[in-house]
Protein chains: 2
Amino acid sequence: MSTSPSPRGRRPDPAVDAKIRAAVLELLLQRGLEMTMDEVAAHAGVGRASVFRRYPTKRDLLLDALTQVLDVQVAIPDTGSLAGDLRQVVADTLAVWRDDRLAALSRQVLGETGRDPVVADLVRTSMRDRMARSWVVYERAIERGELRPDGDLWLLTDLFAGLVAYRGLLGLDLPDPDEVVRSLLHGFATTG
Amino acid sequence: MSTSPSPRGRRPDPAVDAKIRAAVLELLLQRGLEMTMDEVAAHAGVGRASVFRRYPTKRDLLLDALTQVLDVQVAIPDTGSLAGDLRQVVADTLAVWRDDRLAALSRQVLGETGRDPVVADLVRTSMRDRMARSWVVYERAIERGELRPDGDLWLLTDLFAGLVAYRGLLGLDLPDPDEVVRSLLHGFATTG
DNA sequence: GATATCAGATACTGGGAGTATCAAGATTGA
DNA sequence: TCAATCTTGATACTCCCAGTATCTGATATC
């Protein structure tokens, strides 16, 4: 509404903001969520107080960083067939777990989900948005008559998202995208 | 192999063991993994040293407790049809997330999975064992001609285990067992 | 009895989050 | 120019908790 009432003294240095954010992102990949606040300040080449002035708690700092990390756009495939498009989406979902550092980070983030509802909310929303963005794939498939129009599409989505998260989290071998798609589309029952 | 070389002094009191274990299990449901060692000792009505004598670190204590918790036997269904049996297995898998306290604990345990590989190993093994125990369901179904004999049964298993874990972990609404089974057996593609 | 170990209690160490304080620099308003 | 206000970086402090150390007393073997 009203513009800020013109702050009196020295103003926060945007460069410091940037240096802190960069340091956190670097440390996220390098040390995971267990970085210390001193490390953040040191890596940023910044005073400890400057960190705590921006982020009241370490949790706030991590939440801010996670918001950035989770906000990654994904391309929407259009291969012409549902199987092709889905294969692409599944493969994209798998990509995160192929890189060791990203996989480790993902594990920790999914982990944090279990103890901090706000993190859970972040991840949930982010996954929902990400998946919803590829909803066109389903719509096109229904128009083409490849996909049952009465199916629960969130169920379909969560089946492979869950599979990947589950295997990734527990360190199991990741599935083959083609086989996942085939199974999801045609099921495991004998085609009678 | 050789019997213990006859310990010299006073011997560990089994009652203390039991009191500690009980206290940990109680605290697990009540406070999650964030209990303190003092709380454990206090709840057990036992000296702090007695706890640390048995468990070198808090992690060891939790690992022991988790081993107990994860070692829950599950009944193997035999309803006569694959759909019925599977429905039962899925419902059993869901049961954990229906109780609030168990759900909270499961979230934290799945979470710990992300930061401690040994916990991941515990959970992985436990899930594998648990699922393998209901492998008969698949074998019977194949004999009855209900299940494709060339399907990747671990994929089938992990699809619903992953779905449930994923939704449970993120706090999403849990799926309807019947719909899950139907989707897994017949797929989402138009039956053409 | 001598010795070794456990039980319980209490005090200590060390690391890390968060707080408090300070001197120096930056920005605005008078 | 000057005074007030805020940031910056540095340092020291408190608090919490895991893990260690010590001590007294109890209990077991030799």
Side-chain angles (χ1 to χ4, degrees), chain A residues 2-24 26-28 30-66 108 111-112 115-116 118-119, chain B residues 2-24 26-28 30-66 108 111-112 115-116 118-119:
Chain A
S2 59
T3 84
S4 44
S6 128
R8 276 276 271 170
R10 174 177 184 172
R11 281 154 15 165
D13 186 347
V16 174
D17 293 32
K19 280 194 282 186
I20 294 178
R21 281 185 133 107
V24 173
E26 185 193 335
L27 282 171
L28 259 190
Q30 181 181 324
R31 297 227 2 178
L33 304 179
E34 291 176 2
M35 65 182 87
T36 72
M37 293 302 260
D38 295 85
E39 283 173 329
V40 173
H43 265 71
V46 141
R48 196 177 144 71
S50 293
V51 179
F52 275 104
R53 197 170 295 113
R54 276 150 242 262
Y55 304 99
T57 78
K58 180 179 175 181
R59 182 165 164 270
D60 293 296
L61 179 137
L62 289 179
L63 284 177
D64 182 71
L66 285 186
Q108 292 205 5
E112 209 52 22
R115 50 181 69 194
D116 189 336
V118 178
V119 174
Chain B
S2 58
T3 85
S4 43
S6 134
R8 276 275 269 169
R10 175 177 182 175
R11 288 176 349 191
D13 185 347
V16 174
D17 294 31
K19 281 193 281 186
I20 294 178
R21 281 184 131 107
V24 173
E26 185 192 336
L27 283 172
L28 259 189
Q30 179 181 324
R31 297 227 3 178
L33 304 178
E34 291 175 2
M35 65 183 87
T36 72
M37 294 301 262
D38 296 85
E39 282 173 330
V40 173
H43 265 72
V46 141
R48 195 176 143 71
S50 293
V51 179
F52 276 103
R53 199 170 294 116
R54 276 150 241 261
Y55 304 98
T57 76
K58 181 180 175 181
R59 182 165 164 270
D60 293 297
L61 179 137
L62 290 180
L63 284 178
D64 182 71
L66 285 186
Q108 292 205 6
E112 209 53 22
R115 51 181 67 194
D116 189 335
V118 177
V119 174

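Note on naming: letters A, B, ... go to the chains in the order of the sequence lines (proteins, then strands), and numbering restarts at 1 for each one.
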Using a strict heavy-atom distance below 4.0 Å, which residues from residues 37-45 of chain B are in contact with DNA chain C? none

When rounded to whole Å, the CZ to C1' distance for the pair B:R48 and C:dG8 reads 12 Å

What is the separation between atom CZ on A:F52 and atom P on D:dT7, rounded to the nearest whole Å? 16 Å

Find the distance between CG (B:L27) and CD (B:E39) and round it off to the nearest 0.5 Å. 6.0 Å

Among the candidates C:dA17, D:dT7, D:dG9, find the nucleotide nearest to the side-chain atoms of A:R54. D:dT7

Side-chain-base donor-acceptor pair under 3.5 Å for A:R10 and D:dC6: no

Rounding to a whole Å, what distance do you find between A:M35:CE and C:dG18:P? 13 Å

What integer distance in Å separates A:Y55:OH from C:dG18:P? 14 Å

From the list A:R48, A:M35, A:R21, side chain to side chain contact (heavy atoms under 4.5 Å, CB included) partner of A:V40 resolves to A:M35

Does a side-chain N or O from B:S50 land closer than 4.0 Å to OP1 or OP2 of C:dG8, or not? yes

What is the distance from atom CZ of A:R31 to atom NE2 of A:H43, rounded to the nearest 0.5 Å? 9.0 Å

Rounded distance (Å) that lies between atom P of C:dT3 and atom CZ of B:R8: 9 Å

Can you check the B:K19 NZ to C:dC6 C1' distance for me, whole Å? 13 Å

Please report the interatomic distance CG(B:L66) to CG(B:L61), rounded to the nearest 0.5 Å. 9.5 Å

From the candidates C:dG8, D:dG19, D:dT8, the one with an atom nearest any side-chain atom of B:V46 is C:dG8

Return yes if some donor-acceptor pair links the side-chain N/O of A:Q108 with the main-chain N/O of A:L33 below 3.5 Å, else return no. yes

Most 5' of B:R53 and A:P12 on DNA chain D, judged by nearest nucleotide: A:P12

How long is the line joining CG of A:L61 and P of C:dA17, in whole Å? 10 Å

When you get a sec, tell me which of C:dG18, C:dA7, D:dG19 is the closest nucleotide to the side chain of A:T57? C:dG18

When you look at B:R59 and B:V118, which way does the side-chain contact (heavy atoms from CB on, under 4.5 Å) test go after all the steps? CA-CA 10 Å; B:R59 182 165 164 270; B:V118 177; 3.1 Å; yes

B:L33 CG - D:dC17 P separation (whole Å): 15 Å

Is any side-chain heavy atom of A:L62 less than 4.5 Å from a side-chain heavy atom of A:E112? no

Taking the side chain of B:R11 as its heavy atoms from C-beta onward, which of C:dA7, C:dA17, D:dT29 lies nearest to it? D:dT29

